[in-house]
Amino acid sequence: MNHESSIKFAFFGSSRMSVVVLEELKTAGLTPIFVVTTPDKPQGRKLVLTPNVVKTWAISNRVHVFDFGKFDKVAIDSLSKETTGGSVSVFIVASYGKILPSSVINIPPRKTLNIHPSLLPKYRGPSPLQQAILDDTKRTGVTIMRIDEQMDHGPIVAQKEIIMNEWPVYEDFEEMMAKEGAHLLASILPEWIAGKLPEMEQDHSKATTTRKFIKEDGLIDFTGDQYKNFRKIQAFHEWPQSYFFIDHASRKIRIKITSASFTNGKLEIIKVIPEGSSEISFSDFQKGYKFSL
RNA sequence: CGCGGGGUAGGGUAACGGUAACCCGUCAGGCUCAUAACCUGAAAAUUGCCGGUUCGAUUCCGGCCCCCGCAA
């Protein structure tokens with residue numbers, strides 16, 4: 001590995017998307033000096049304390065990792081200590097999951113950059129990818145912006161437009177956008193660190209904001225628009241997932257839709273998981289549960 | 001010990017203290033110009049594994065393995 005000695009950064013992230021970005025940066029020859037992520041949390045049916053994917057990545061790549069629960073004085077001091085003296089010139093944030101206080105984002109000399117999977121100022125907030133699918137916004141993209149105190153509000157450093165032809169499931173969309181974001185970041189990072197890249201204020205009057213989704217958002221109404229339902233299934237494929245209820249054996253059970261297609265103006269459900277059962281094809285489901293649309 | 005559901009013929013479901021039913025599929029025959037349609041018939045399940053209760057368990061109880069929903 002012949003690192004560009006001028007590109008020294010630390011990475012903040014906590015999700016699978018963060019890992020995709022880390023991997024892409026690594027492929028581009030960019031490995032962070034250290035990584036900051038969120039603490040281990042109980043996961044799964046047994047609520048086993050599990051390190052998040054970013055921490056796992058950092059460990060297997062032998063990169064020092066911090067997992068601060070909050071940015072108190074101790075945390076800030078640690079970050080400052082690791083950053084001073086030119087050892088780190090910029091922080092990179094990709095899907096960290098929490099708002100970073102100004103006391104953190106201003107630590108490095110070249111401040112903090114964020115990868116956001118939308119064409120800011122459109123789709124600020126926590127769910128830009130899902131909302132783009134739900135809205136059928138096929139002209140989308142990734143943005144590199146400098147973080148300020150407000151959510152997805154800082155000046156734009158770079159942007160790349162991406163046109164979608166059809167909607168993949170959320171996870172695939174996320175991976176694709178994460179890679180695009182990482183590529184864009186890698187291409188501009190040297191210039192940014194050198195201070196040669198201008199930033200541009202967002203047009204705040206055109207901003208739109210997305211919200212976090214809740215379980216209930218995933219309920220499918222088959223009497224509604226089929227293409228809309230399809231987009232819902234794709235957008236919520238990972239979470240909260242789309243589902244409907246049926247009465248079966250004098251019991252109300254939840255049926256989750258795990259796979260669907262939309263061709264010739266028609267929604268076709270391919271696979272489902274009935275509550276208490278494992279994944280089966282929709283045709284098998286219809287036969288066994290005597291269900292029809 | 002977070003809460004809960006489930007493992008029954010090739011696939012999906014049902015039933016119930018007395019050895020299992022339905023749908024699809026498979027095979028054979030029939031009807032049709034023909035068919036993925038329709039009719040008739042057949043093959044196919046030691047009801048996840050181990051132990052217990054019982055005259056008798058798929059059905060009740062305990063343990064184990066595996067799957068899934070909720071919650072986080």
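Below, chains carry the letters A, B, ... as their sequence lines are ordered, and counting in each starts from 1.
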Base-pairing assignment for [N] (Watson-Crick or G-U wobble, both under 3.5 Å):
N	value
B:rC22	B:rG12
B:rC38	B:rG30
B:rC64	B:rG48
B:rA71	none

Nucleotide range of RNA chain B contacted by chain A, 5' to 3', under 4.0 Å to a heavy atom? B:rG2 to B:rA72
If you pin A:His248 and A:Arg251 to their nearest nucleotides in RNA chain B, which one's is more 5'?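 Final value for this comparison: A:Arg251.
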Please report whether the ring centroid of A:Tyr289 lies less than 6.0 Å from that of A:His248.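 Between A:Tyr289 and A:His248, which both carry aromatic rings, the centre distance is below 6.0 Å.
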Determine the interatomic distance between [atom1] on [N] and the same-named atom on [M]; round to the nearest Å.
N	M	atom1	value
B:rG11	B:rG63	P	29 Å
B:rA20	B:rA44	C1'	14 Å
B:rU46	B:rU19	C1'	10 Å
B:rG17	B:rG12	C1'	27 Å
B:rG69	B:rG62	P	25 Å
B:rC16	B:rC60	P	10 Å
B:rU54	B:rG48	P	23 Å
B:rC55	B:rC24	P	43 Å

Heavy atom of residues 273-286 of chain A under 4.0 Å from RNA chain B: which residues?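 Heavy-atom cutoff 4.0 Å gives A:Ile273, A:Pro274, A:Glu275, A:Gly276, A:Ser277, A:Ser278, A:Ile280, A:Asp284.
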Any pair counted as side chain to side chain donor-acceptor pair (under 3.5 Å), so long as it reaches residues 65-82 of chain A, sequence neighbours left out: A:Lys55-A:Asp67, A:Lys73-A:Asp77
Cluster partners of A:Leu219, using ILVMFWY side-chain heavy atoms under 4.5 angstrom, listed by chain and number?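 Members besides A:Leu219, by chain and number: A:Tyr243, A:Phe245.
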Could you give the side-chain donor-acceptor pairs of residues 125-135 of chain A under 3.5 Å, partners two or more places apart or in another chain?
unit_1   : atom_1 : unit_2   : atom_2 : d
A:Ser127 : OG     : A:Arg211 : O      : 2.7
A:Gln131 : NE2    : A:Asp135 : OD1    : 3.0
A:Asp135 : OD2    : A:Tyr123 : OH     : 2.7

With A:Thr38 via side chain to side chain contact (heavy atoms under 4.5 Å, CB included) - residues at least two apart: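 Only A:Ser14, A:Asn52, A:Tyr96, A:Lys98 meet the side chain to side chain contact (heavy atoms under 4.5 Å, CB included) criterion with A:Thr38.
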Identify, with sequence neighbours excluded, every residue that meets salt bridge (charged side-chain N to carboxylate O under 4.0 Å, His left out) alongside A:Asp203. A:Lys206
Among residues at least two apart in sequence or on other chains, which ones pass ring pair (Phe, Tyr, Trp, His ring centres under 6.0 Å) with A:Phe71? A:Phe68
Which ring-ring contact (aromatic ring centres under 6.0 Å, His included) pairs, counting each pair once, include a residue from residues 127-165 of chain A, with sequence neighbours left out?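 Matches after skipping sequence neighbours: A:His153-A:His204.
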Angle class for the A:Trp167/A:Phe173 ring planes (parallel below 30°, perpendicular above 60°, tilted otherwise)?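 Perpendicular: the ring planes of A:Trp167 and A:Phe173 meet at over 60°.
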Using a heavy-atom cut-off of 4.0 Å across all strands, would you classify A:Lys41 as base, sugar-phosphate, or nothing?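 The answer is nothing, as A:Lys41 stays clear of every strand by at least 4.0 Å.
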